[in-house]
Trainee: 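I'd like to ask you about the structure that follows.
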2 protein chains.
Amino acid sequence: MKRITIKDLSKFLSLSTSTISRALLNDKNVNDETRKRVMDAAAELGYKPNLTALNLKSGQSKTIGVVVPEMITPFSAKVLEGIQNVLYPLGYRLVITQSDENPLNERKNLQLLEGFNVDGIIINLCHETYNNDLYQQIISQGTPLVFFDRIPDKSLNASKVIVDDYINSSLMVEYLIKTGRKRIAHIMGPQTIRNAVERANGYKRIMNKYHIFDENLIIKTEGMTFEYGKRAVKHWSDKDIEFDSIFAFSDTLAIGAMNFLLENNIKIPGEVAVASFSGTELSTMVYPQLTSVQQPLVKMGETAAELILEKIRDHSAPSKTVLLDAVLVYRDSTL
Amino acid sequence: MKRITIKDLSKFLSLSTSTISRALLNDKNVNDETRKRVMDAAAELGYKPNLTALNLKSGQSKTIGVVVPEMITPFSAKVLEGIQNVLYPLGYRLVITQSDENPLNERKNLQLLEGFNVDGIIINLCHETYNNDLYQQIISQGTPLVFFDRIPDKSLNASKVIVDDYINSSLMVEYLIKTGRKRIAHIMGPQTIRNAVERANGYKRIMNKYHIFDENLIIKTEGMTFEYGKRAVKHWSDKDIEFDSIFAFSDTLAIGAMNFLLENNIKIPGEVAVASFSGTELSTMVYPQLTSVQQPLVKMGETAAELILEKIRDHSAPSKTVLLDAVLVYRDSTL
DNA sequence: GTGAAAGCGCTAACAG
DNA sequence: CTGTTAGCGCTTTCAC
């Protein structure tokens, strides 16, 4: 079952390998007749180009590394779909790694990807600053880096794709207020994630604007699993801090919060409204369905892929930050 | 920022490239002194082997293709984790594709992977028979194929990793009966999925054993989304078919079913118990938490990866079918 | 113990 | 329009 190479075709047709190559590449300097013969033979013998050889020639690995914090929520799956949409048709391979929300794993993943000689890396961080040195080092070695969703704090020379956390968070909080909620609690996620800080800022601004901000109503979590969401609500509950609604950093945290409420027979949205930021399928799978800021995840992946391609094609291309529009989707968990 | 090659080292140390190569490969025919010099220089200049060149020499692409039906539930994410655990440390890259539960997409994915010259393909089907011709063709072209979870009906020369659907389904149904349920409804999923048929058979056997089988209590769905789960329960409800419990083919279908019950104020498990087959994180994220047959997903991925490695190393290695143990996990959705 | 040379599959000057 | 040749980075005979 040996593979057919250009050499086999060359023998088969008594032509030089270069002519075969040219015909296959649609080079103009080939007789139409000859091209046809080559094409037919290639089809007949089942010739398929050897990507590895191509890559060796071109000096590229045609491999893009991707680092995501986790894959058990649909968030990354959707973004990956976007990345794949753009990159697979172009013959790029993806090496996808999961950091499990752990900066140390992220570091290992990045190093693994370096070992793979990737042409570029697309990454969603799990910690704002922890691996800054590595990002910097990778970029200065000439491997383009593109950040999406959770981006680093330093102004690295890298392109980014994000949604406006501050604005969208503000809008969601304002919506809750408009529906009559006043004691809006906020589960902000870990403060080592830039977006968490941004969203919390949006929350604070609006709460202050309406003079209803209360420091007790905001809580940082150490992690991102739904257990932390649960624990946050338990905290307020234990301390007898009143709240009539919850705005969570992510679907997962919101769902954890909902579970606590449901377990304690607290009506959603009757007694407490719940809203989140993310907008993955999870928000429609729970009961009641979750109001959330829905991000264009597939688009986000596609954009990230295009940004990395720009950088690969021209390493001196200027870095861009693309801001994508999100929409608020109102569902049964609020009102 | 040019990469350091073996040639650079050769110039730098005034040694032949072959000696450098040998030193790097720990070949015995190298003076210890020389080896040390080479190693030091490699470290100093930051030499990293070019995988593409290695691959060209070895004739392998060091790339494994993976095809999964979907990635929005944690199911595939967990299996992928297992696959990555085994394959990444060995220098393999993964090209992961999603079929979106559509056999046509599956076909396209397989063809894409062929174009990538993958060394092997690990696949979870979305239809039992639809692409049988392609599986056969890929195998006979010499590309090993390993199936996991949902496997094909024909006896192809390929290894497989599965859990025993029939037995575990039986066990779960028997458990429901032991907790006092008699009218156990079954959402079996599409009958074009072999596992759905197997699990339904397990269900039927036990229901018959206790003489409580009723054809009306079993329903096939066209798809796998949670909407179909919802619709199934609506069907029984509309037709006034009584049931005191539901056993669903997957977490997602079960959750759809739960949502219908919750929307109609039917108590879980008070009035209706719910159980599923899958055992992803989803089962712990919903309220009440879902009783389910929990499969060892990471292990499944690791096993699939090892099976494909066997085949890659020795193309004539015999095909194996590995049966993994699942466990029933009892949660609040049943009593 | 080390070097020279060939070759993996392909493309691209360079000739003719 | 077609063929010859060299070379991408590396390993591996084959000499010495």
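First the proteins, then the strands, lettered A, B, ... as listed; each starts at 1. Atoms considered below: every heavy atom in the structure, side chains included; atoms not considered: hydrogens, waters and symmetry mates.
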Trainee: Quick one: which of D:dG9, C:dC10, C:dG3 gets closest to the side chain of B:Leu15?
Mentor: C:dG3
Trainee: Any idea which of C:dC10, D:dC1, D:dC10 is nearest the A:Leu54 side chain?
Mentor: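 The nucleotide sitting nearest to the side chain is C:dC10.
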Trainee: Regarding C:dG1, can its base be found pairing with the side chain of B:Arg35 as donor and acceptor, where the two atoms are less than 3.5 Å apart?
Mentor: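 There is none.
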Trainee: Using a cut-off of strictly less than 4.0 Å, decide whether A:Lys7 has a side-chain nitrogen or oxygen near OP1 or OP2 of C:dC8.
Mentor: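 Yes, within the criterion.
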Trainee: State whether the side chain of B:Lys160 and the backbone N or O of B:Val146 hold a donor-acceptor pair below 3.5 Å, judged by distance alone.
Mentor: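 Checking the backbone N and O of B:Val146 against the side chain of B:Lys160, no donor-acceptor pair under 3.5 Å is found.
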Trainee: Within this structure, what is the CG-to-P distance between A:Asp27 and C:dA12, rounded to whole angstrom?
Mentor: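 So the two atoms are 9 Å apart, to the nearest Å.
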Trainee: Please determine if B:Glu114 and A:Arg3 form a salt bridge, counting it only when a charged side-chain N lies under 4.0 Å from a carboxylate O.
Mentor: no
Trainee: For the pair A:Arg37 and A:Asp40, find out whether any cationic side-chain nitrogen is under 4.0 Å from an anionic carboxylate oxygen.
Mentor: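 Result for this pair is no, no salt bridge flagged.
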Trainee: Indicate, yes or no, whether a donor-acceptor pair under 3.5 Å links the base of C:dA4 to the side chain of B:Ser18.
Mentor: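 Such a pair exists between side chain and base.
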Trainee: Consider the side chain of A:Ser21, meaning its heavy atoms from C-beta on, and name the nucleotide among D:dG9, C:dT11, C:dG3 that approaches it most closely.
Mentor: C:dT11
Trainee: Quick check: any donor-acceptor pair below 3.5 Å linking the side-chain of A:Ser58 to the base of C:dT11?
Mentor: no
Trainee: Can you check the A:Lys62 NZ to C:dG9 C1' distance for me, whole Å?
Mentor: 17 Å
Trainee: With respect to the phosphate group of D:dG3, does any side-chain polar atom (N or O) of A:Ser16 fall under 4.0 Å of OP1 or OP2?
Mentor: yes
Trainee: Classify the nucleic acid contact of A:Asn29 as base, sugar-phosphate or nothing, counting any heavy atom under 4.0 Å across all strands shown.
Mentor: base
Trainee: D:dT11 P sits how many Å from B:Leu9 CG, rounded?
Mentor: 11 Å
Trainee: Under a 4.5 Å cut-off applied to non-hydrogen side-chain atoms, are A:Thr303 and A:Met300 in contact?
Mentor: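 In short, these two side chains do not touch, never coming nearer than 4.5 Å.
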Trainee: Roughly, in whole Å, what's the span from CG in B:Leu51 to C1' in D:dC10?
Mentor: 11 Å
Trainee: Could you check how far CD1 of B:Ile6 sits from C1' of D:dC8, rounded to whole Å?
Mentor: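 Computing the B:Ile6:CD1 to D:dC8:C1' distance gives 14 Å.
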Trainee: How is A:Thr5 classified with respect to the nucleic acid when contacts are heavy atoms under 4.0 Å: base, sugar-phosphate, or nothing?
Mentor: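 A:Thr5: backbone/sugar contact only, no base atoms under 4.0 Å.
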Trainee: A:Leu25 or B:Val30: which one's nearest nucleotide on DNA chain C is closer to the 5' end?
Mentor: B:Val30
Trainee: Does B:Lys7 NZ have over 12 foreign heavy atoms under 6.0 Å away?
Mentor: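 Check fails, neighbour count at 12 or below.
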Trainee: Let me know, please, whether A:Lys57 or B:Lys28 comes out on the 5' side of the other along DNA chain C by nearest nucleotide.
Mentor: B:Lys28
Trainee: Describe the nucleic acid contact of A:Thr34 in one word from base, sugar-phosphate, nothing, applying a heavy-atom distance below 4.0 Å.
Mentor: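 Counting heavy atoms under 4.0 Å across all strands, the contact made by A:Thr34 is with sugar-phosphate only.
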Trainee: Please report, rounded to the nearest Å, how far the P atom of D:dT12 is from the CD1 atom of B:Ile20.
Mentor: 16 Å
Trainee: Out of D:dC14, D:dT2, D:dT11, which has the shortest distance to the side chain of B:Thr17?
Mentor: D:dT11
Trainee: Taking CG from B:Leu24 and P from D:dG9, how many angstroms apart are they, rounded to a whole number?
Mentor: 15 Å
Trainee: Check whether any side-chain N or O of B:Ser99 sits under 3.5 Å from a backbone N or O of B:Glu70 as a donor-acceptor pair, and report yes or no.
Mentor: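 Between the backbone of B:Glu70 and the side chain of B:Ser99 there is no qualifying donor-acceptor contact (under 3.5 Å).
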Trainee: Which whole-number value in Å describes the distance from A:Ile4 CD1 to C:dC10 P?
Mentor: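 Spelled out: CD1 on A:Ile4 to P on C:dC10 is 10 Å.
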